[in-house]
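Below is one structure, written out as C-alpha cells; the observations come after it.
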Amino acid sequence: MNYKDSEFQAFSHQILFWYRSNPRDLPWRGTQDPYKIWLSEIILQQTRVAQGLPYYYKFVNQYPTVKDLALAPQEEVLRLWQGLGYYSRARNLHSCAIYIYKELDGKFPTSYEGLLKLKGVGSYTASAIASFAFGEAKAVVDGNVFRVLARYFGIETDIASSKAKKEFESLANKIIPQDEPGEFNQAIMDFGSRQCVPLNPDCESCPLSGSCFAKQQNMVKELPVKINKVKVKERNLHYYVVKCGNEWVWKKRTSGDIWEGLFDFPLSEKEKPTKAHPWEDFEAEEIQEYPKKYRHILSHQKLNATFSELEIPQKNKEKLAAWCEEEGFLLVNEEQIDYLAKPKLIVNFLTDQGI
DNA sequence: CTCCCGTGGT
DNA sequence: ACCACGGGAG
C-alpha cells in the first residue's frame, strides 16, 4: 500500500461529499447524548439497522436515561432484548448502566480511553461514542469500514485476523479528518452500507470508482478477503414441557452455554447427558411428543429440537415445587410466561402452541 | 444453503 | 491468536 497524504485527503473529502447527499436517516443522528449513542451502538453490534431499530425505540421509551436503565431489573432488560441475540450485550448494557449511575454519578466517560473501560464497549463502540458525542478523532472500524478501505486501497489482509484490526485501525486513524471526525465516521459507514455494499455493489454510480483499487483491478468481488473458519457444532435438544395445572416448569439458563440468563424448559441432550429428570416420581403422564422438529441455526451451532408435553397431577404440586426449588427450576403461571426472556427457538415453539 | 456483524474470555 | 456468542436476509 503506497498512498500519499494528499490521496488520503482526497478519499476523505470524497466520502464526506458523498455523505452530504446520501446520509442515512437514523433516529440517533443529530443527538449528542452519549447514552442514546451508546444504546444505539450496542444494539447495532452484529445487527442490521432494520432489525435493531424497533429495539432502539423500545429501549429509549422504556429507559429514557441511564438512570432508568440502571434501576430496571435485569430480567426486564433481557425480556426487552428478546429476539435480538448475543444476549451478553444486554447483560453488559445493564451492568454498565448501574456502574455509570452509581460510580460515575450518572455521567458517561468523555474520552475514548474511558469509554473503552465499559463492559461491552470495544474499540469500535468507544470510537463511535467518542467521535459522535465528544468530537474526539478516533476512527471507527466496523464491517463497513473494513470493506470500503479494503476495496478502495486494495488491502488483502484477511479481515477476520487480529492483524487486520490493527492495520485497518491505523489506516482509518490516518485518514480521519481531525476537524470533523464524527461526521467522517458516519459518512464512511453509510457509504459502506449504501454504496459499497457487500454483494454486487453498483460501482458505475460510485463517485470513487475512478480511484478505487478494487474497481480498477477488477477485484471488487475478491475484496475484502475474509477467511471463514467457524466450525458449526450440531446439537440435538429434547425439551420437556412439564405442566402442573396452570404452572409450567422453566429453567433459567446459566453461564457456559448459549442464551445465558434466558428461560427455557428442562432439557435432555444426547451428546451432553443431563441428570435424569424424575418425572416418574411425580406420576407424570406424557400427553404427547410433538411431531414437529425445530431446526434453529446460530452462527456456530445447529440445533435440532423436539418437545414433549408432560402433565403432573395437581396433588403432587407441592412435591414438584420443592424439587424445582432444590434443582434450580421455576414454576411459572401460564399468564406470566410472556414476561420471561426466551430464546427465539422457544418463542417459535410457543407461537405454534398459540401462546 | 451463504452471507453479514463487535466484544470478551482464554 | 483464537473462538464463543444469535438472528435475519438474500
Side-chain angles (χ1 to χ4, degrees), chain A residues 37-55 78 80-96 112 115-130 138-148 150-151 157-169 172 185 189 192-194 196-201 220-235 237 253-262 264 294-303 305 341-348 351:
Chain A
I37 295 168
W38 171 63
L39 196 54
S40 70
E41 292 302 340
I42 301 294
I43 287 171
L44 291 188
Q45 286 171 6
Q46 304 298 96
T47 302
R48 293 196 144 53
V49 170
Q51 192 197 354
L53 261 187
Y55 288 85
L78 279 172
L80 215 54
W81 198 270
Q82 175 178 295
L84 202 50
Y86 289 115
Y87 296 93
S88 64
R89 290 184 292 167
R91 298 192 304 271
N92 288 337
L93 189 79
H94 186 232
S95 70
C96 272
Y112 173 83
L115 290 160
L116 206 50
K117 292 191 173 72
L118 300 175
K119 233 187 284 177
V121 174
S123 61
Y124 164 76
T125 308
S127 298
I129 302 172
K138 295 293 286 189
V140 292
V141 179
D142 73 343
N144 292 309
V145 177
F146 271 122
R147 187 170 57 255
V148 171
R151 283 179 178 163
T157 314
D158 170 20
I159 61 164
S161 67
S162 42
K163 182 176 165 234
K165 195 173 146 65
K166 289 177 195 157
E167 189 178 347
F168 282 79
E169 277 182 357
N185 279 340
M189 289 194 287
S193 76
R194 301 179 80 152
C196 197
V197 296
L199 294 172
N200 311 314
V220 174
K221 275 192 85 156
E222 281 66 46
L223 292 171
V225 174
K226 187 177 182 183
I227 301 161
N228 215 351
K229 48 206 155 193
V230 190
K231 57 174 181 212
V232 178
K233 185 169 59 170
E234 194 150 351
R235 296 170 71 174
L237 313 177
R253 296 184 61 89
T254 49
S255 61
D257 202 350
I258 55 175
W259 303 329
E260 181 185 341
L262 275 63
D264 62 0
Y294 289 80
R295 195 164 171 77
H296 192 74
I297 302 186
L298 310 179
S299 58
H300 52 305
Q301 297 189 16
K302 277 185 191 174
L303 309 177
K342 302 165 288 289
K344 190 68 165 64
L345 168 64
I346 300 297
V347 172
N348 289 345
T351 303

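All values reported here derive from a predicted model rather than from experimental measurement. Worth knowing before you read on, the calculation uses all heavy atoms, side chains too, and leaves out hydrogens, waters and symmetry mates. Lettering follows sequence order; numbering is per chain, from 1.
- With salt bridges taken as basic N to acidic carboxylate O contacts below 4.0 Å, none links A:Lys342 and A:Asp264.
- In this structure, the side chain of A:Tyr55 engages the main chain of A:Gln82 through a donor-acceptor pair within 3.5 Å.
- Contact annotation for A:Lys165: no contact, since no heavy-atom pair falls under 4.0 Å across all strands.
- Listed for the A:Ser127 side chain is no donor-acceptor partner under 3.5 Å among the backbone atoms of A:Thr125.
- A nucleotide of DNA chain B counts as in contact with chain A when one of its atoms lies under 4.0 Å from a heavy atom; the first and last such, 5' to 3', are B:dC1 to B:dG8.
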Should A:Leu237 and A:His296 be marked as a side-chain contact (heavy atoms from CB on, under 4.5 Å) after you check the CA-CA gap, both sets of side-chain angles, and the distance that decides it?
CA-CA 11 Å; A:Leu237 313 177; A:His296 192 74; over 6 Å; no
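- When atom types are taken as modelled, the side chain of A:Arg89 and the backbone of A:Leu84 share a donor-acceptor pair closer than 3.5 angstrom.
- Listed by chain and number, the residues in a ring pair (Phe, Tyr, Trp, His ring centres under 6.0 Å) with A:Phe146 are A:Phe168 (sequence neighbours excluded).
- Once rounded to the nearest 0.5 Å, the distance linking CD1 of A:Ile42 with CG of A:Leu118 reads 8.5 Å.
- The pair A:Asp142-A:Arg147 fails the salt-bridge criterion, with no side-chain N (NZ, NE, NH1 or NH2) lying under 4.0 Å from an Asp/Glu carboxylate O.
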What is the per-nucleotide protein-contact pattern of nucleotides 1-10 of chain C, from the 5' end, where B denotes a base atom under 4.0 Å from a protein heavy atom, S denotes such proximity for sugar-phosphate atoms only, and - denotes neither?
S--SBBBS--
